[in-house]
> 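Would you mind keeping the following structure in view while I ask a few things?
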Amino acid sequence: MMTMMKFNLSFYASRKFPLFFNRPYIIAASFHSINRNCKDSKTLQDAVYTFNRMLYRNPVPPIPEFTKILSVIVKRNHFAAAISLIKHFDFLGVNPVLKPTIYVFNIAINCFCHLKRVDFGFAVLGKATKLGYQPDCATFNTLIRGLCGNDKLHQAIKLFDRLVKNGFEPSVVTYGTLINGLCKSGDTRSAVVLLQNMETSTCPPGIIQYSCIIDSLCKRKRFVEALKLFTEMKRKGLSPNVVTYTCLIHGLCSIHSWDEALELLSEMHARNISLNVHTFSILLDALCKEGRITEAESLLSLMIQRGVTPNTVTYNSLIRGYCLLGKMDVARKLFDSMVDQHCTHSVITYNILIKGYSENKKIDEALSVFHEMCNEDIVPSLVTYNTLIIGLCQAGRFEEALLLPYEMKSHGLTPDISTYNTLLDALSKNTKLDEAVKFFDSMIDQGCMPSVMSYNILIKGYSENEKIDEALNMFSKMSKNGVNPNVVTYNTLISGLFHAGRLEEARMLSSDMKSRGLKPDIVTFNTILNTLYKNGKVEEARSLFNTMDDDDVVPDIVTCNCIIDGMCKSGETDEAYGMFLSLSARGLQPNVRTYNIMIDGLCKASELDKANTLFLEMKANGCSADEITYKIMVQGFIRAKQTTRAIEFINRSLNGNVSADVKKWLNGCCPPMDQKILSSSN
DNA sequence: CTAGGGTTAG
């Protein structure tokens, strides 16, 4: 326990105690939380009722009975309600029966911190000190956490240092809180320094501190450092627990490193650490994200078999998995079945379903799910609205989308920058550039400052409408307004300049970008490579491709498609095919475009059998042929005068639900055959 | 004091 003997608190005693009474925001907030959810409000009302009854019981129950109720209320996030109950305690020192303990003060501080009023938290500390209470470890830990959680990390560190200087011995929780705050703010380096400081202090770091930093490193994809800490903790005799492993597995899954993740799973097995609902959910989510829904289903059975009950989060991932595959009926069924499994729908569950319907071109269903959630007393979040706005815009229903920010405001939600950017993008994409520009100005009037993304959207809008000079104008305007361009800005402009044939300016921009400390990314390379090939600069393209590695940029499938296409067009079909075969070794999956490019190249090199084999292979690889694939095959066979096989493909495409404009395909291909093929295929 | 699910631009 900590020693407070010489601990000097004078610097807090001067703080003003907050007025608990008659704070309008407290009343408003309590009202809101009571109405948030029926089931919840019932427990809240019960708790408040019991609390008030206890106040008038004779004799009054001991204080810990009251704080127990307060803890329940706080656990359910009814902070304002807790504070309004705490005001019943006697802070004036006239009623010895209702004399608060330091624990009551701590709860009040915690509540104020959660209500984003850390300043009131400090005022409570001031009052406690003045009344002669000794703040305990929890008091300061709560305040430090409050500062960390309210973007006042710097003050948290200052408080920590000041406390230490005044003789306060931080506990492992104090260190842990600060390490967590540093990690969440992205300063993992300082977190590691603090971890090292713990080593020489009276409380050495534990599993929690290591796990916290490991998680933060994984989230930032710094796996080398994460694994180093992981090894270090094991070397120090600290056994990683299920949380530590789960953090690492999560990180590895996020970069599709399945083998490494599986290795950790077997290590867990060897150490007799069982997977919990978090671990299973992460694995299931990763499978769903990759479209591996059958495996996700098996994993669900496995977890149930092992006695781990899936929860709302688990189901959310599965539902999203079905949505991603367009299986909305299954998604909906699963959604409905959650109730039978005693799983509640969260606002995120609804958001997933709404997005699923929107993306599968079922915006009316999305809207009806939205109304459903309101009827179920689930309060739509900012994300709900933003998702709906995207859906409405994609469905071309701009008027409705533009109304939603007003509806949000009437429900107490503030549209954020992404709300506005979505609308801005929708306007500029749909040849309403003038309206987009007006909207951009109105954002500022609404008190929402345009972000880099806002500028990027307009720059793209101008570029794609042959107004590259206006785009360049926006570019200089953004810097003037204190918004720094990012890689996307440069990529958009470079692409626009290429499109306008202003190659030299594009080149200049690309070096300007580097001088600003921005590194070209995969899109930059793809944009430039594409243009080089289009302009027949094959050698230059090839040497640029070879420099990608120096910039730590790994070619993706778009890059390879571009290279394969370029090789085919310059007659190097064998080299192109070699590259095609090397894709899996690069960890890349060919997509429809890859197959189309390669098949076209093979057809033009009169390698029809090879082309046909690829056509069959793409289906076996789960990549379905589109209209272009059929067109390439048909034209290939016509060029080779293999009319029967051409007709075969025309019929296949017509039977295969591919919307094919056969007549268009045949245009320019052997006119005399035109009639013959068309008549036989009908 | 540590872990999982939902939204915007190239």
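Basis for what follows: all heavy atoms, side chains included, without hydrogens, waters or symmetry-related copies. Throughout, a chain's letter reflects where its sequence line sits, starting with A, and its residues are numbered from 1.
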> Tell me the interatomic distance from Leu392(A), atom CG, to dT7(B), atom P, rounded to whole angstroms.
16 Å
> With sequence neighbours excluded, what pairs up with Ser337(A) under the side chain to side chain contact (heavy atoms under 4.5 Å, CB included) test?
Leu334(A), Asp340(A)
> Listed by chain and number, what are the side chain to side chain contact (heavy atoms under 4.5 Å, CB included) partners of Glu295(A), not counting sequence neighbours?
Leu287(A), Arg292(A)
> Can you tell me if the side-chain N/O atoms of Lys460(A) get under 4.0 Å from OP1 or OP2 in dT8(B)?
no
> I need the CZ-P distance between Phe370(A) and dG6(B), as an integer number of Å.
20 Å
> On a plain distance test, is the side chain of Thr387(A) in donor-acceptor contact with the base of dT7(B) below 3.5 Å?
no
> From the options Phe168(A), Phe140(A), Tyr175(A), select the one residue that forms a ring pair (Phe, Tyr, Trp, His ring centres under 6.0 Å) with Phe160(A).
Tyr175(A)
> On a plain distance test, is the side chain of Ser317(A) in donor-acceptor contact with the base of dG4(B) below 3.5 Å?
no
> According to side chain to side chain contact (heavy atoms under 4.5 Å, CB included), who are the partners of Val553(A), at least two apart in sequence or on a separate chain?
Ile522(A), Phe525(A), Met548(A), Asp551(A)
> State whether the distance check finds a donor on one side and an acceptor on the other, under 3.5 Å, for side chain Thr422(A) versus base dT8(B).
no
> Does anything in residues 273-288 of chain A form a salt bridge (charged side-chain N to carboxylate O under 4.0 Å, His left out)? List the pairs, not counting sequence neighbours.
Asp285(A)-Lys289(A)
> For dG5(B), does OP1 or OP2 lie under 4.0 Å from any side-chain N or O of His250(A)?
yes
> For a quick test of reading the model: is some side-chain N or O of Asn421(A) closer than 4.0 Å to OP1 or OP2 of dA9(B)?
no
> Can you sort out which residues in residues 517-529 of chain A have a heavy atom within less than 4.0 Å of DNA chain B? Ascending by number, please.
Asp521(A), Val523(A)
> What pairs with Asn180(A) under side chain to side chain donor-acceptor pair (under 3.5 Å), at least two apart in sequence or on another chain?
Lys184(A)
> If you take atom types as modelled and just measure distance, does the side chain of Thr314(A) reach the base of dG5(B) with a donor-acceptor pair under 3.5 Å?
no
